[in-house]
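To keep things clear, I will list the structure first and then write my remarks on it.
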Amino acid sequence: MLRIEHFYAVLALFLLHAAWCNLRDHRYAHAGFWGLLAVMFGGGNAVLAATKAGDDLPAQLAGAGVIALALLATRMRREHIAEAPEAQRRASAQRLGHWLLVPALLIPLVTVLVALFGTKIRFGATPLFGESSITLIGLSLASVLAAAAAVAVTRQPAIQVASEGRRLLDTIGWAALLPLVLATLGGVFAASGIGEAIASLVSAVIPSDNRLACVLAYGLGMVLFTVIMGNAFAAFPVMTAGIGLPLLIQQHGADPAILGALGMLTGYCGTLMTPMAANFNLVPAALLELDDPNAVIRAQLPTAIPLLFVNLLLMYWLVFR
Amino acid sequence: MNYWPLLGIAWVVAGFVLRMNPVIVVVSAALVSGFSAGKSLAELLALIGNSFVSNRALLLFVLTLPTIGLLERAGLREHAHAWIGRLRGLTLARLLTGYLGLRQVLSMLGLTNVGGHPQTVRPLLAPMSEAAAERQVGPLEHDERQRIYALDAATDNIGLFFGEDVFVAIGAVLLIQGFYAEQGIVLEPLQIALWAIPTAIAAFVIHAVRIWLFQRALLRRVALKAATEALHAAD
């Protein structure tokens, strides 16, 4: 049965290859970073199993590992890694033409197919895919198949796929870790009671009799909390439980479906504005080799702010019946 | 109510504003919040470790990099550039507006994986938008190219965010439904998803207008630069 853990192992192997390449290039901080990350990925299951069994030591070691990764990150520089010469790339592009798109399109295609039909594929009594996170398993499997397809289409030696992957990985650099480390911060914030603290501060200052004030508090609270957490999913339960439910739905009779949908979308406006949403704002800036790490956010602000106003207006007009 | 953990937020904001390395800022903020909430070092390390390992899925996008990397070596970006360079009617604004609409519609159908920064923006949309712009204004300066790339990434994000909530089985809709169910309010996903449509339309209109304004500003900046240079050359 294919489980997500198999793909974490594949990822760990790839990270080890990247660490090895960096070691050969005498980039020691980079080698240490990817190597340590590979170990944490490979050993992740053991950590979770130990915590479940009541043994905290592996988790504490993992925590120390995270701090070590952060320290290593300060010693890493983002540099442009050498690519194949342009003339060679152009010649290859002319030769292969639209065939180049086939492996790239295989990624979304296989992901969707697995997400839709994966649970139905069985050998005897065993399903091919593990139960949880079928979309993630689909995406991982699709990536592996696409890599094989890329090797077939471009007729390059298989090891090139790992070397070129390492090139892109080192172009992104430590930014690749940001989504993961921000989610970790979210976990710590949640365990520290930050959500409740913010909700209680906000509801202490707003005049709860005024419908407009409550809508603004909810909407702007969603944006603020999304900007802090980097992710509207984390903000939604806190803001809706703290302000949406008691003040808007119960006191002022707002429609929960409309409030929920518009509240989440207001949070998304916040996602467009914050560096904490690393996988949408910082990783792309690193991937596109932009000089300003906040360039994507700057490009999004003039859309996010008007859209936020429109959303708040829609909320005020539509939510009360 | 213990308000001290909010120091962690102040720390993160300060760190980002001071342009310090985000990874160390975020990890140290976790330590600040945890200690302010009264956790011991051992407890906090275990919390960080478990939280990190539980979120490993967030690095799975790295598995797409080998494919894209190899295709780039084989000239994927050059191919996209050359192809769009041949399509004469395709201006930068038409390309980006078309991509915005396509990304939104596909996300509304649940096909959120068809776009994305490693698979689509870097290898395809970026060289395509560069080619379209170059056909309109000639060779691009470094700053202009960077602005275009940033707009490409922004367009991908906006198309995704404001299309996906219309799909009934997307995580966000299910989260909203699940949250309300725990509070005793029973809703159908469709009821929630339909209300994402007005915002989706507003997002398309606002961002499409911005794309056209961007193109107009680009044309003006380049024309101004050319005029200034012609003036200097005449001296």
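A note on names: the letters A, B, ... follow the listed sequences, proteins ahead of strands, and every chain is numbered from 1.
- The parts of B:Ala203 that come within reach of chain A are both its backbone and its side chain, each placing non-hydrogen atoms under 4.5 angstrom from that chain.
- Counting only distance, with no hydrogens or angles, the side chain of B:Gln191 and the backbone of B:Glu188 share a donor-acceptor pair below 3.5 Å.
- Only the side chain of A:Gln156 comes within contact range of chain B, with heavy atoms under 4.5 Å apart.
- B:Arg19 touches chain A through its side chain: at least one heavy atom from C-beta onward sits under 4.5 Å away, while N, CA, C and O do not.
- Contact tally against chain A (heavy-atom pairs below 4.5 Å) for B:Ala57, B:Ala29, B:Ala80: the top residue is B:Ala57.
- Of the listed residues (B:Ala150, B:Ala37, B:Ala126), the greatest number of heavy-atom pairs within a distance under 4.5 Å of chain A belongs to B:Ala150.
- The parts of A:Phe280 that come within reach of chain B are both its backbone and its side chain, each placing non-hydrogen atoms under 4.5 angstrom from that chain.
- Within the 4.5 angstrom heavy-atom criterion, only side-chain atoms of A:Leu37, from C-beta onward, approach chain B.
- Heavy atoms closer than 4.5 Å to chain B are found in both the backbone and the side chain of A:Thr240.
- Using a 4.0 Å cut-off between a side-chain N of Lys or Arg and a carboxylate O of Asp or Glu, A:Glu5 and B:Arg56 do not qualify as a salt bridge.
- Using a 4.5 Å cut-off between heavy atoms, B:Leu44 touches chain A through its side chain atoms alone.
- At a 4.5 Å heavy-atom cutoff, A:Leu109 makes no contact with chain B through either its backbone or its side chain.
- A heavy-atom distance below 4.5 Å is not found between the side chains of B:Pro5 and A:Phe189.
- With hydrogens and angles left out, the side-chain atoms of B:Gln104 and B:Tyr99 include no donor and acceptor closer than 3.5 Å.
- At a 4.5 Å heavy-atom cutoff, A:Leu105 makes no contact with chain B through either its backbone or its side chain.
- Side-chain contact check for A:Asn279 and B:His117: no donor-acceptor pair (N or O, by modelled atom type) lies under 3.5 Å.
- Contact annotation: the side chain of B:Phe162 never approaches that of B:Ile201 to less than 4.5 Å [non-hydrogen atoms, C-beta and beyond].
- Just one residue in the list B:Val209, B:Thr97, B:Ile158 forms a side-chain contact (heavy atoms from CB on, under 4.5 Å) with B:Phe204, and that residue is B:Thr97.
- Under a 3.5 Å cut-off, the side chain of A:Ser92 and the backbone N or O of B:Ala74 do form a donor-acceptor pair.
- For the options A:Leu180, A:Leu178, A:Thr154, A:Leu72, heavy-atom pairs under 4.5 Å to chain B are most numerous at A:Leu180.
- Interface remark: A:Ser140 contributes backbone and side-chain atoms alike to the contact with chain B (heavy atom separation under 4.5 Å).
- In this structure, no portion of B:Trp4 lies under 4.5 Å from any heavy atom of chain A.
- Judged by distance alone, the side chains of A:Gln300 and A:Asn281 do bring a donor and an acceptor atom under 3.5 Å apart.
- If you measure heavy-atom distances from A:Ala304 to chain B, you find no contacts under 4.5 Å at all.
- Both the backbone and the side chain of A:Leu182 come within less than 4.5 Å of a heavy atom of chain B.
- A:Leu245 touches chain B through its side chain: at least one heavy atom from C-beta onward sits under 4.5 Å away, while N, CA, C and O do not.
- With a 4.5 angstrom heavy-atom cutoff, A:Asp255 does not touch chain B via any of its atoms.
- Among all heavy-atom pairs drawn from B:Tyr180 and A:Pro256, the shortest one is OH-O, 2.8 Å.
- Residues A:Ala183 and B:Leu58 share a closest heavy-atom pair of CB-CD1, 3.5 Å.
- Side-chain contact annotation: B:Glu130 with B:Tyr149, donor-acceptor N/O pair under 3.5 Å present.
- Proximity to chain A involves both the backbone and the side chain of B:Phe161, based on heavy atoms less than 4.5 angstrom apart.
- When heavy atoms are compared at a cutoff of 4.5 Å, B:Pro123 does not approach chain A at all.
- With a 4.5 angstrom heavy-atom cutoff, A:Leu265 touches chain B via backbone and side-chain atoms both.
- Both the backbone and the side chain of A:Phe41 come within less than 4.5 Å of a heavy atom of chain B.
- Looking at A:Leu57, there are no atoms closer than 4.5 Å to chain B (heavy atoms on both sides), in backbone or side chain.
- Heavy-atom pairs under 4.5 Å with chain B peak, among A:Leu71, A:Ile258, A:Val112, A:Ile297, at A:Ile258.
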